[in-house]
K.L.:
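Quick one: the structure is below, questions incoming.
All ligand and atom numbering here is 1-based and tracks the order in the structure.
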Amino acid sequence: MDCLFCRMVAGDVPATVVHETDRTLAFRDINPQAPTHVLVIPKDHHATVGALAADDPDLLAAVVRAAADVAVQEGLATADGVEPGYRVVTNTGPAAGQTVHHVHLHVLGGRSLTWPPG
Ligand code: 5GP
Ligand code: ZN
């Protein structure tokens with residue numbers, strides 16, 4: 001299977017890595033939509049967040065934990081609080097605009113984020 005994010009995990013495609021654990025990888029989005037825009041992925045391939053939740057809930061928890069750690073590291077939240085705040089988004093399927101079919105959490109922050117999103 002030819003998967004861009006699996007190739008990043010393997011080190012075959014360069015990425016600006018900001019956080020890594022034994023099971024997760026986080027790197028800057030190539031086309032940032034906010035001053036901070038980091039993608040957090042499981043190193044194992046799962047197509048969508050729903051598939052990941054069904055197949056390996058512990059790994060989903062590890063990905064969410066990594067996203068929270070990235071937010072603290074990037075200054076989007078204090079370790080014991082939520083200020084100034086950030087957004088975690090995962091797109092599933094064409095209607096939501098999913099373009100890479102290896103589940104990823106977008107961690108967005110550094111500006112005021114409107115709600116509802118587009
Ligand atoms: P999706 O549209 O699937 O929710 O998000 C895919 C994200 O991957 C997009 O925000 C896009 O900018 C990012 N992306 C696509 N190709 C690359 C790449 O080669 N490197 C990095 N760092 N991000 C990428
Ligand atoms: Zn993959």
Side-chain angles (χ1 to χ4, degrees):
M1 178 180 49
D2 190 27
C3 170
L4 174 64
F5 288 174
C6 282
R7 290 170 66 201
M8 285 184 176
V9 170
D12 296 337
V13 171
T16 305
V17 173
V18 298
H19 187 274
E20 183 170 11
T21 70
D22 58 337
R23 303 194 77 194
T24 69
L25 188 69
F27 51 89
R28 298 202 187 281
D29 196 292
I30 203 169
N31 182 25
Q33 301 301 309
T36 296
H37 187 172
V38 172
L39 302 176
V40 184
I41 67 171
K43 290 183 175 177
D44 292 346
H45 183 93
H46 299 268
T48 67
V49 70
L52 175 58
D55 295 347
D56 195 340
D58 287 348
L59 183 54
L60 173 59
V63 173
V64 174
R65 171 67 187 271
D69 288 349
V70 165
V72 172
Q73 185 179 298
E74 294 286 317
L76 305 179
T78 53
D80 57 351
V82 297
E83 302 291 338
Y86 61 98
R87 182 167 294 159
V88 176
V89 176
T90 184
N91 297 317
T92 300
Q98 184 178 9
T99 58
V100 178
H101 299 281
H102 178 135
V103 61
H104 46 284
L105 302 188
H106 297 258
V107 177
L108 298 152
R111 65 169 168 81
S112 181
L113 298 162
T114 58
W115 190 263

K.L.:
Just checking: H101, one of its N/O/S atoms, less than 2.8 Å away from the Zn ion (ligand 2), yes or no?
P.N.:
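It does not: H101 brings no N, O or S atom closer than 2.8 Å to the Zn ion (ligand 2).
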K.L.:
What part of T90, side chain, backbone, both or neither, has a heavy atom within less than 4.0 angstrom of ligand 1?
P.N.:
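No part of T90 is near ligand 1 at this cut-off.
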K.L.:
Is Q33 close enough to touch ligand 1? Criterion: a residue heavy atom under 4.0 Å from a ligand atom.
P.N.:
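False for this residue.
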K.L.:
Is there a side-chain contact between F5 and V103, using heavy atoms and a 4.5 Å cut-off?
P.N.:
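They are not in contact (no side-chain heavy atoms under 4.5 Å apart), so the answer is no.
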K.L.:
Please could you name the atoms of ligand 1 that L39 approaches to less than 4.0 Å, counting only its heavy atoms?
P.N.:
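Taking each heavy atom of L39 in turn, ligand 1 has 7 (C), 8 (O), 13 (C) under 4.0 Å.
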K.L.:
What are the atoms of ligand 1, with element, lying closer than 4.0 Å to any heavy atom of Q98?
P.N.:
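Close to Q98: 3 (O).
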K.L.:
Which N/O/S atom belongs to H102 and is the closest one to the Zn ion (ligand 2)?
P.N.:
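Distance check against the Zn ion (ligand 2) picks out ND1 in H102.
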K.L.:
Which ligand 1 atoms, with their elements, are less than 4.0 angstrom from a heavy-atom of F27?
P.N.:
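By the 4.0 Å cutoff, the relevant atoms are 22 (N).
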K.L.:
Provide the closest heavy-atom pair for A26 versus V70 in the form atom of the first, atom of the second, distance.
P.N.:
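Smallest interatomic distance, heavy atoms only, reads CB-CG2, 3.8 Å.
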K.L.:
Can you see which heavy atom on T90 is nearest to which on H104, and at what distance?
P.N.:
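Closest pair (atom of T90, atom of H104, distance): OG1-O, 3.1 Å.
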K.L.:
Which atom names give the shortest non-hydrogen contact between G75 and P84, and what distance separates them?
P.N.:
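Result for this residue pair: O-CD, 3.6 Å.
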K.L.:
Closer than 2.8 Å to the Zn ion (ligand 2), do we get an N, O or S atom from H46, backbone or side chain?
P.N.:
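It does not; every qualifying atom lies at 2.8 Å or beyond.
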K.L.:
Assess the pair H106 and H37: is the distance between their ring centroids shorter than 6.0 Å?
P.N.:
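Under 6.0 Å, so yes.
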K.L.:
Taking C-beta and beyond as the side chain, do H102 and P42 meet within less than 4.5 Å on heavy atoms?
P.N.:
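They are in contact (side-chain heavy atoms under 4.5 Å apart), so the answer is yes.
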K.L.:
Tell me whether ligand 1 is touched by G97 - counting only heavy atoms on the residue side and a distance under 4.0 Å.
P.N.:
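Yes, that is the case, since the closest heavy atom of the residue is under 4.0 Å from the ligand.
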K.L.:
Say whether H106 and ligand 1 are in contact under the criterion: heavy-atom distance to a ligand atom below 4.0 Å.
P.N.:
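Per 4.0 Å heavy-atom rule, H106 contacts ligand 1.
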K.L.:
Would you check if Q98 and T48 make a side-chain contact, meaning some heavy-atom pair closer than 4.5 Å?
P.N.:
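They are in contact (side-chain heavy atoms under 4.5 Å apart), so the answer is yes.
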K.L.:
Salt bridge or not for R65 and D58, using N-O below 4.0 Å?
P.N.:
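The answer is no: the pair does not qualify as a salt bridge.
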K.L.:
Does ligand 1 have a heavy atom under 4.0 Å from the side chain of N91, from its backbone, from both, or from neither?
P.N.:
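Near ligand 1, N91 shows its side chain, while the N, CA, C and O stay back.
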K.L.:
Please name the atom of H45, restricted to N, O or S, that is closest to the Zn ion (ligand 2).
P.N.:
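Within H45, restricted to N, O or S, the Zn ion (ligand 2) is closest to atom ND1.
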